[in-house]
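The next block holds one structure in the form of structure tokens; read it before the comments.
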Amino acid sequence: MPNSKPTTPFSGKMERKGNQGEIAGILVEFLEVAITSVVYLKGIYPSGAFERRRYMNVVVQRARHPQLREYIHSAVSGLLPSIQKGLVERVAVTFFNTDNIPMERFIFKLTVNQSFGSKVEESDLEFSLRSFVIKLSVSQPLTTVLPRDCRWEIMAYFRSLPQVSTSKDAEMWIPTDTKQWQQPPLITPIKSMNSEPLGLQLYLEHPSPSELVSG
């Protein structure tokens with residue numbers, strides 16, 4: 001990208017309390033940036049729908065449209081309490097064709113060590129997550145060309161469902177009736193890290209050829 005265009009910070013820092021709060025806060029901020037990057041990467045909106053921002057000293061894209069920006073922000077922010085408790089296993093950005101069949105999924109698989117007692121070095125954690133943002137920005141050749149009128153949504157896979165009565169943020173997450181693939185998907189790794197206290201994998205899922213034929 002040309003360097004002549006100005007950039008500003010992507011967002012402010014979330015409040016973080018304690019070790020788990022710090023890890024979860026950093027992770028949620030990363031997910032907001034990464035999911036926006038995925039949507040931008042797929043080109044389903046005009047480039048003018050995004051504006052340049054700087055995050056972890058990397059130029060990224062931020063949604064300019066208030067509804068798009070709020071959807072991504074509220075979705076990942078709503079996961080914060082569940083991530084702190086280790087309930088979230090995966091976060092997916094799923095793209096559907098006009099028949100409402102999933103065509104591609106970007107999967108963020110999370111592992112947070114709840115028993116990790118040492119102080120988290122925020123700079124080290126952010127340095128590792130920064131590499132995901134960079135890798136994601138050049139991963140378009142790995143992805144599928146989608147129909148112009150496709151739709152997408154953010155999905156979360158929980159190890160156990162959060163209690164709605166104890167978490168207001170849990171109320172926004174409802175069971176999905178999305179069609180599921182009947183055959184194991186094809187998986188393309190993009191980036192992974194495995195260190196204490198956070199493990200993260202980013203990979204693509206596509207339907208198997210037999211799934212496409214049967215569909």
Side-chain angles (χ1 to χ4, degrees), residues 1-2 5-15 24-56 58-83 88 90-108 110 129-130 132-140 142-157 168-179 190-191 200 202-206:
M1 295 181 180
K5 296 182 179 179
T7 59
T8 57
F10 188 88
S11 63
K13 297 290 185 182
M14 290 185 174
E15 181 181 2
I26 294 172
L27 185 54
V28 163
E29 289 170 358
F30 161 77
L31 286 173
E32 181 174 353
V33 174
I35 290 173
T36 304
S37 298
V38 167
V39 177
Y40 176 79
L41 182 75
K42 296 306 299 179
I44 59 177
Y45 299 111
S47 59
F50 300 86
E51 56 189 359
R52 290 157 59 94
R53 287 290 186 267
R54 187 167 292 276
Y55 173 75
M56 296 183 183
V58 177
V59 175
V60 297
Q61 299 294 328
R62 177 176 181 262
R64 298 182 65 181
H65 194 284
Q67 289 182 331
L68 175 59
R69 186 169 63 246
E70 177 59 24
Y71 170 60
I72 298 173
H73 175 74
S74 62
V76 296
S77 296
L79 289 175
L80 181 60
S82 297
I83 290 176
V88 181
R90 288 173 289 163
V91 178
V93 184
T94 305
F95 295 88
F96 303 84
N97 64 13
T98 53
D99 295 322
N100 205 32
I101 297 174
M103 297 297 294
E104 185 171 61
R105 289 194 185 108
F106 286 76
I107 304 289
F108 298 86
L110 320 175
L129 292 174
R130 178 177 179 270
F132 280 80
V133 177
I134 296 172
K135 184 69 173 180
L136 186 57
S137 67
V138 294
S139 63
Q140 187 171 16
L142 303 175
T143 69
T144 299
V145 177
L146 299 175
R148 182 181 298 272
D149 50 358
C150 70
R151 71 175 189 86
W152 68 279
E153 65 183 22
I154 301 170
M155 306 173 69
Y157 297 78
K168 181 179 178 181
D169 292 315
E171 297 177 2
M172 68 177 296
W173 292 95
I174 58 175
T176 180
D177 57 358
T178 297
K179 296 179 182 178
I190 295 179
K191 183 70 178 176
L200 179 63
L202 171 59
Y203 56 90
L204 284 168
E205 287 186 349
H206 295 109

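Heavy-atom basis, side chains included; hydrogens, waters and symmetry copies ignored.
In this structure, the side chain of Y55 does not engage the main chain of A34 through any donor-acceptor pair within 3.5 Å. Formation of a donor-acceptor pair under 3.5 Å by the S77 side chain with backbone atoms of S74 is not found in this model.
Expressed to the nearest 0.5 Å, how far OG1 of T98 lies from CZ of R148 amounts to 13.5 Å. Going from atom CD of E205 over to atom CZ of F106 covers 11.5 Å, rounded to the nearest 0.5 Å. The line from CD1 of I154 to OH of Y71 is 4.5 Å long, rounded to the nearest 0.5 Å. Note: L80 CG to L31 CG = 10.5 Å, rounded to the nearest 0.5 Å. Here the CG atom belonging to L202 is positioned 4.0 Å from the CD1 atom belonging to I190, to the nearest 0.5 angstrom.
Shown here for T94 and P102, the closest heavy-atom pair between the two residues is CG2-CB, 3.9 Å. Nearest heavy-atom pair across N97 and P147 is CB-CG, 4.2 Å. Closest non-hydrogen pair, A63 versus T36, comes out as N-CG2, 3.8 Å. Listed here is the closest heavy atom pair of L142 and L204: O-CD1, 3.5 Å. Closest of all the heavy-atom pairs between I72 and I35 is CG2-CG2, 4.0 Å. Listed here is the closest heavy atom pair of S139 and L41: OG-CD2, 3.6 Å.
Contact check for I44 versus R151: no side-chain heavy atoms found under the 4.5 Å cut-off. Contact check for L146 versus W152: no side-chain heavy atoms found under the 4.5 Å cut-off. Taking the side chain as every heavy atom from C-beta outward, L200 and L129 approach each other to under 4.5 Å. F30 places a side-chain heavy atom less than 4.5 Å from the side chain of V133. Looking at F108 and V88, their side chains never come closer than 4.5 Å, going by heavy atoms from C-beta outward.
When the side chain to side chain donor-acceptor pair (under 3.5 Å) test is applied to E51, the partners found at least two apart in sequence or on another chain are R53, R62. Take F50 and apply the ring-ring contact (aromatic ring centres under 6.0 Å, His included) test, not counting sequence neighbours, and it matches Y40. Partners of I134 according to the side-chain contact (heavy atoms from CB on, under 4.5 Å) rule, which considers only residues two or more places apart in sequence or in another chain, are V58, R130. Every residue was checked against the side chain to side chain donor-acceptor pair (under 3.5 Å) condition with Y157, not counting sequence neighbours, and none meets it. Listed by chain and number, the residues in a side chain to side chain donor-acceptor pair (under 3.5 Å) with T144 are H206 (sequence neighbours excluded).
Listed by first then second residue, pairs satisfying salt bridge (charged side-chain N to carboxylate O under 4.0 Å, His left out) with a partner in residues 38-50 read K42-E104, not counting sequence neighbours.
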